[in-house]
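Hydrogens, waters and symmetry mates are skipped; everything else that's a heavy atom, side chains included, is used. Numbering of residues begins at 1 and proceeds along the displayed sequence.
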Amino acid sequence: MAQRSGKITLYEGKHFTGRKLEVFGDCDNFQDRGFMNRVNSIRVESGAWVCFDHPDFRGQQFILEHGDYPDFFRWNSHSDHMGSCRPVGMHGEHFRLEIFEGCNFTGQCLEFLEDCPFLQSGGWAKNCINAIKVYGDGAAWSPSSFGAEDFQASSSLQSDQGLEEATTKPATTQPPVLTAKL
């Protein structure tokens with residue numbers, strides 16, 4: 001089962017100034033906690049988070065890992081509007097990911113059992129991935145933070161064996177969970 005934990009602090013002003021909201025779990029509407037939907041800086045103190053520009057976990061998503069984001073450009077936003085956030089589920093011991101160079105799960109294949117910050121260090125010499133299989137809790141992958149077009153692979157199908165096949169498609173409201181640099 002996926003675990004969710006962490007702490008994120010949202011600030012109304014740039015460079016961690018102004019009113020702040022500390023969040024330790026799912027927060028579906030900042031206004032319900034007395035905080036306006038204007039966020040100009042963020043400090044992720046622990047965990048990984050997906051933030052949404054609208055309440056109820058809707059709209060454009062932003063994945064934030066541990067660190068400081070002194071202005072909204074740092075999380076690739078075009079405005080200071082943000083309405084909800086939640087920690088990203090961390091995968092347990094039953095997680096496995098396979099990437100393939102060819103379409104329809106053909107060609108070179110590389111398996112991952114844990115996070116891999118750079119695909120080359122994991123043994124992947126290619127500059128693209130055409131298919132992904134996710135076993136276990138499910139995940140998504142987005143190369144958008146690496147300068148590529150904004151595409152995301154999200155788990156979408158599940159077989160009797162618990163296999164989820166991911167297909168490349170334009171980004172949707174599914175949160176990217178796993179990242180690796182090409």
Face-on cation placement of Arg43 at Phe16 ring, 6.0 Å and 45° thresholds: yes

Tell me whether His66 contacts the main-chain N or O of Ser46 through its side chain, where contact means a donor paired with an acceptor under 3.5 Å. no

Would you check if Phe100 and Lys133 make a side-chain contact, meaning some heavy-atom pair closer than 4.5 Å? yes

Return the CG to CE distance between Leu10 and Met82, rounded to the nearest 0.5 Å. 7.0 Å

Any donor-acceptor pair under 3.5 Å linking the side chain of Asn29 with the backbone of Gln31? yes

Begin with the C-alpha distance, continue with both residues' side-chain angles, and end with the deciding distance and a verdict on salt bridge (Lys or Arg N to Asp or Glu O under 4.0 Å) for Asp71 and Lys14. CA-CA 5 Å; Asp71 58 61; Lys14 291 181 179 180; over 6 Å; no

Within the structure provided, determine whether Asn37 and Val39 are in side-chain contact (heavy-atom separation under 4.5 Å). no

Atom pair SG/CZ of Cys27 and Phe35 - distance to nearest 0.5 Å: 10.0 Å

Starting at CG of Asp68, measure out to NE2 of His15 and round the result to the nearest 0.5 Å. 11.5 Å

CD of Gln61 to CZ of Phe52: how many Å apart, nearest 0.5 Å? 5.0 Å

Worked verdict on Ile99 versus Cys109 for side-chain contact (heavy atoms from CB on, under 4.5 Å): CA-CA 6 Å; Ile99 59 176; Cys109 173; over 6 Å; no

What distance separates Leu97 CG from Ile132 CD1, expressed to the nearest 0.5 Å? 6.0 Å

Is it the case that atom CG in Asn104 sees more than 12 heavy atoms from other parts of the structure closer than 6.0 Å? no

Between His78 and Phe72, is any pair of side-chain heavy atoms under 4.5 Å apart? no

Test the Arg19-Tyr11 pair against the cation-pi criterion, namely NZ or CZ under 6.0 angstrom from the six-membered ring centroid and within 45° of the ring axis. no

Side-chain touch Val23/Trp49, heavy atoms, less than 4.5 angstrom: yes

Interatomic spacing from CD1 in Ile42 to CZ in Phe62 - rounded to 0.5 Å: 9.0 Å

Between Glu65 and Val44, which heavy-atom pair has the shortest distance, and what is it? O-CB, 3.4 Å

Got Phe30 and Met36 here, is their nearest side-chain heavy-atom distance under 4.5 Å? no

Closer than 4.0 angstrom, basic N to acidic O: yes or no for Asp80 and Arg38? yes

Heavy atoms only: give me the nearest Gly13-Ser41 pair and the separation to one decimal. O-OG, 2.6 Å

Could you walk me through whether Lys7 and Glu22 pass the salt bridge (Lys or Arg N to Asp or Glu O under 4.0 Å) check? CA-CA 7 Å; Lys7 178 182 178 185; Glu22 292 181 341; 3.5 Å; yes

Please check this pair: side chain of Asp26 against backbone of Arg86, looking for a donor-acceptor N/O pair closer than 3.5 Å. no

Would you call Ser84 and Asp56 a side-chain contact if the rule is heavy atoms closer than 4.5 Å? no

So do the side chains of Phe24 and Pro87 get within less than 4.5 Å of each other, counting heavy atoms only? no

Is the closest side-chain heavy-atom distance between Cys51 and Ile8 below 4.5 Å? yes

Under 3.5 Å, is there a donor-acceptor pair between the side chain of Gln60 and the main chain of Asp53? no

Of all heavy-atom pairs between Leu64 and Trp75, which one has the smallest distance, and what is that distance? CD2-CB, 3.2 Å

